[in-house]
Amino acid sequence: MKLVDQAVSSAVEAHKKRALGSRANRVALLNGLADALDATAAELIAIADSETHLGVPRLTGEVARTGFQLRMFADLVSQGQLDSVLVNPAVAGPPPVGHPALIRDYESLGPVAMFSASNFPFAFSVLGGDTASALAAGCPVVVKGHPGHPKLTERTVEMAQSVVAAQGLHPGVFGLVTGEGVEVGQSLVDHPQIAAVAFTGSVHGGLALWARCNARPRPIPFFGELGSINPIVALEAALEKDSQALAETLAGSITLGCGQFCTSPGIVFLPSGALGDQFAVQLKAALAKASTHAMLHQGIQAQYDKRISQVRAAGVQTLVEPRDGCQAYVAQTNLATFMASKTLQEEVFGSACLLVQVDSADQVCQGLHAVGGSLTVTLWGADSPTNGVDQILRVARQIAGRVLFASVPTGVAVAAGQHHGGPFPSSTMPSTTSVGPDAMMRFLRPVCLQDAPQWVQESLHA
Ligand code: NAP
């Protein structure tokens with residue numbers, strides 16, 4: 001495909017010429033992109049709102065986060081904290097104690113294919129976390145635009161390319177490929193010179209692209225963030241104290257962004273009996289006052305409608321039906337029905353939540369294992385390790401990349417302590433994060449220099 005070949009060839013050229021080889025260049029580019037984003041924010045937000053329906057307040061916050069991420073990576077590169085050189089002087093004597101002089105440095109992987117997400121038109125799209133972390137690592141980026149926000153993509157890329165040009169960098173540092181149909185994305189990941197892929201989207205699409213990465217003559221890493229159910233475990237201690245407030249907070253989280261967040265809570269394990277029943281009533285009442293906006297695009301709406309029909313047909317009791325002005329759907333069932341149904345154990349992308357009644361910590365653990373890999377697990381009321389809470393925490397840690405002990409999983413802080421990833425299907429590389437400083441390390445490869453001559457050592461600090 002000519003367009004793909006042109007964009008990748010230019011990225012290869014930029015990488016060969018070490019356009020992002022110096023820290024100074026990377027810092028200037030990341031800060032320049034953040035400044036340009038701020039300067040064009042009002043225009044970009046208006047375009048994004050018309051294409052995604054996400055609303056100006058949410059999009060304004062997302063732009064702020066995107067600029068923050070770009071500047072965070074600029075600071076990290078400038079300080080050289082994460083990718084600093086590790087010097088291991090020679091030790092005399094026989095092995096294993098004795099060894100030659102070793103220096104561990106890093107090499108950038110090369111051109112990265114970055115698939116924009118539909119649900120984060122800024123923070124996980126053209127200038128989002130994947131792009132910022134790849135550029136910080138010194139990798140040129142070829143963006144596969146998402147068809148859900150084509151005008152925003154085009155305008156953001158135009159703005160980014162003008163920053164690249166103004167800084168006198170090779171134009172291949174930042175490229176775009178778009179087009180109807182899956183062929184564009186396929187030929188991008190198939191391109192022999194693409195070194196890694198970053199992807200946020202569906203399990204189906206992610207698996208197809210990951211398989212292509214592995215089927216190449218030279219397989220490459222696929223950093224995919226696919227689906228996540230984000231179960232919440234509501235323990236009796238929490239419901240005794242805060243049931244009403246928790247129900248209202250949960251209603252807000254379910255409906256936020258019309259549920260189109262990778263961290264939207266899809267399942268709540270509730271104690272069977274009076275406390276759980278009361279919570280279900282309170283949640284229903286809170287959702288009766290809630291509203292949602294239109295979904296991102298027709299395809300996502302159709303998929304949501306299809307999935308809630310499947311859930312309805314799986315033997316659950318529906319508590320909240322979508323209505324005019326609010327898409328929320330809530331159903332309730334017991335653990336046996338949940339355990340027997342694959343449909344109930346799969347993500348419904350949108351404002352849907354399933355309440356699963358449980359009788360013991362053992363049952364919570366069974367339910368969590370059935371959910372499987374997830375970005376988050378939230379534990380409400382885990383104030384002491386008694387009554388099997390320690391056992392629930394062990395399982396939560398096994399299946400999730402982030403365990404919360406308060407509040408709701410929507411809202412992902414961009415900070416060093418963050419981990420946004422988890423076992424499959426939440427991520428295809430559970431040891432990596434797509435949010436926070438460590439995201440940059442996905443695009444760097446350690447290289448050991450053994451007994452390096454002086455000039456090589458000096459060049460490392462240049
Ligand atoms: P998607 O259908 O997976 O598309 C994402 C990107 O991947 C698009 O650029 C798409 O290109 C490309 N793509 C998809 N399948 C492909 C294939 N077989 N070969 C090559 N390229 C392929 O995701 P979406 O449109 O954003 O939303 C659909 C569903 O994804 C949602 O209903 C939801 O389940 C899930 N989703 C999850 C997250 C998350 O954070 N985990 C975020 C967003 C969406 P084309 O458009 O050109 O096909």
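Indexing begins at 1, ligand by ligand and atom by atom, following the structure's order.
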Give me the residue, atom name and distance of the protein heavy atom closest to [atom].
atom                    : answer
atom 34 (O) of ligand 1 : F349 CB, 3.4 Å
atom 38 (C) of ligand 1 : G201 O, 3.7 Å
atom 41 (N) of ligand 1 : L226 O, 2.0 Å
atom 40 (O) of ligand 1 : C262 CB, 2.9 Å
atom 26 (O) of ligand 1 : S118 OG, 2.5 Å
atom 18 (N) of ligand 1 : A208 CB, 3.4 Å
atom 27 (O) of ligand 1 : I300 CD1, 3.6 Å

Which bit of [X] gets closer than 4.0 Å to ligand 1, counting heavy atoms only: side chain, backbone, both or neither?
X    : value
H204 : neither
F124 : neither
L209 : side chain
P147 : side chain

*Any N or O on K144 sitting closer than 3.5 Å to an N or O of ligand 1?*
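K144 vs ligand 1: N/O contact under 3.5 Å present.
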*Between H146 and ligand 1, does any nitrogen or oxygen pair lie at a separation below 3.5 Å?*
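Checking ligand 1 against H146, an N or O pair does fall under 3.5 Å apart.
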*So, are E13 and K17 salt-bridged, with charged N and O less than 4.0 Å apart?*
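Here E13 pairs with K17 in a salt bridge, since their nearest N and O are under 4.0 Å apart.
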*Are R212 and D190 ion-paired here, with the side-chain N under 4.0 Å from a carboxylate O?*
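A salt bridge links R212 with D190.
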Only heavy atoms count here, so choose which of [options] is nearest to [atom].
atom                    : options                : result
atom 16 (C) of ligand 1 : V203, V182, L188, N119 : V182
atom 5 (C) of ligand 1  : F199, F115, F261       : F199
atom 1 (P) of ligand 1  : S202, G205, S434       : S202

*Does S228 have a heavy atom less than 4.0 Å from any atom of ligand 1?*
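Under 4.0 Å: no for S228.
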*Please state whether H297 comes within less than 4.0 angstrom of ligand 1, counting heavy atoms only.*
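Distance cut 4.0 Å: H297 passes for ligand 1.
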*Can you name the salt bridge (Lys or Arg N to Asp or Glu O under 4.0 Å) partners of E43, sequence neighbours left out?*
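Salt bridge (Lys or Arg N to Asp or Glu O under 4.0 Å) list for E43, sorted by chain: R155.
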*What are the atoms of ligand 1, with element, lying closer than 4.0 Å to any heavy atom of G181?*
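Checking each atom against G181, I get 47 (O).
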*Short list, please: which atoms of ligand 1 are under 4.0 Å from a heavy atom of E225?*
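In order of numbering, the contacting atoms are 40 (O), 41 (N).
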*Flag side-chain contact, heavy atom, 4.5 Å: H293 against Q260*: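 Yes, their side chains come closer than 4.5 Å.
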*side-chain hydrogen bond (donor to acceptor under 3.5 Å, both in side chains) with S108: which residues, sequence neighbours excluded?*
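Counting only residues at least two positions away or on another chain, S108 forms a side-chain hydrogen bond (donor to acceptor under 3.5 Å, both in side chains) with H15.
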_For the CZ atom on R18, are there more than 12 heavy atoms of other groups (residues, nucleotides or ligands in this structure) within a distance under 6.0 Å?_
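Atom CZ in R18 is not crowded, with 12 or fewer foreign heavy atoms closer than 6.0 Å.
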*Would you say S125's side chain and G128's backbone share a donor-acceptor pair under 3.5 angstrom?*
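Such a contact is absent between S125 side chain and G128 backbone.
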*If only atom types and distance count, is the side chain of Q418 paired as donor or acceptor with the main-chain N or O of A413 below 3.5 Å?*
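At least one qualifying donor-acceptor pair exists.
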*Could you check D35, T66, N31 and say which one makes a side chain to side chain donor-acceptor pair (under 3.5 Å) with R71?*
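Option passing the side chain to side chain donor-acceptor pair (under 3.5 Å) with R71: D35.
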*Chi angles and distances behind the side-chain hydrogen bond (donor to acceptor under 3.5 Å, both in side chains) call for Q391, D362*: CA-CA 8 Å; Q391 186 195 339; D362 271 351; 2.8 Å; yes
*Between Y329 and S351, does any side-chain donor sit less than 3.5 Å from a side-chain acceptor?*
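The answer is no; no qualifying pair exists.
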_Q327 and Q301: side chain donor to acceptor below 3.5 Å_ =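 On atom types as modelled, these side chains qualify, holding a pair under 3.5 Å.
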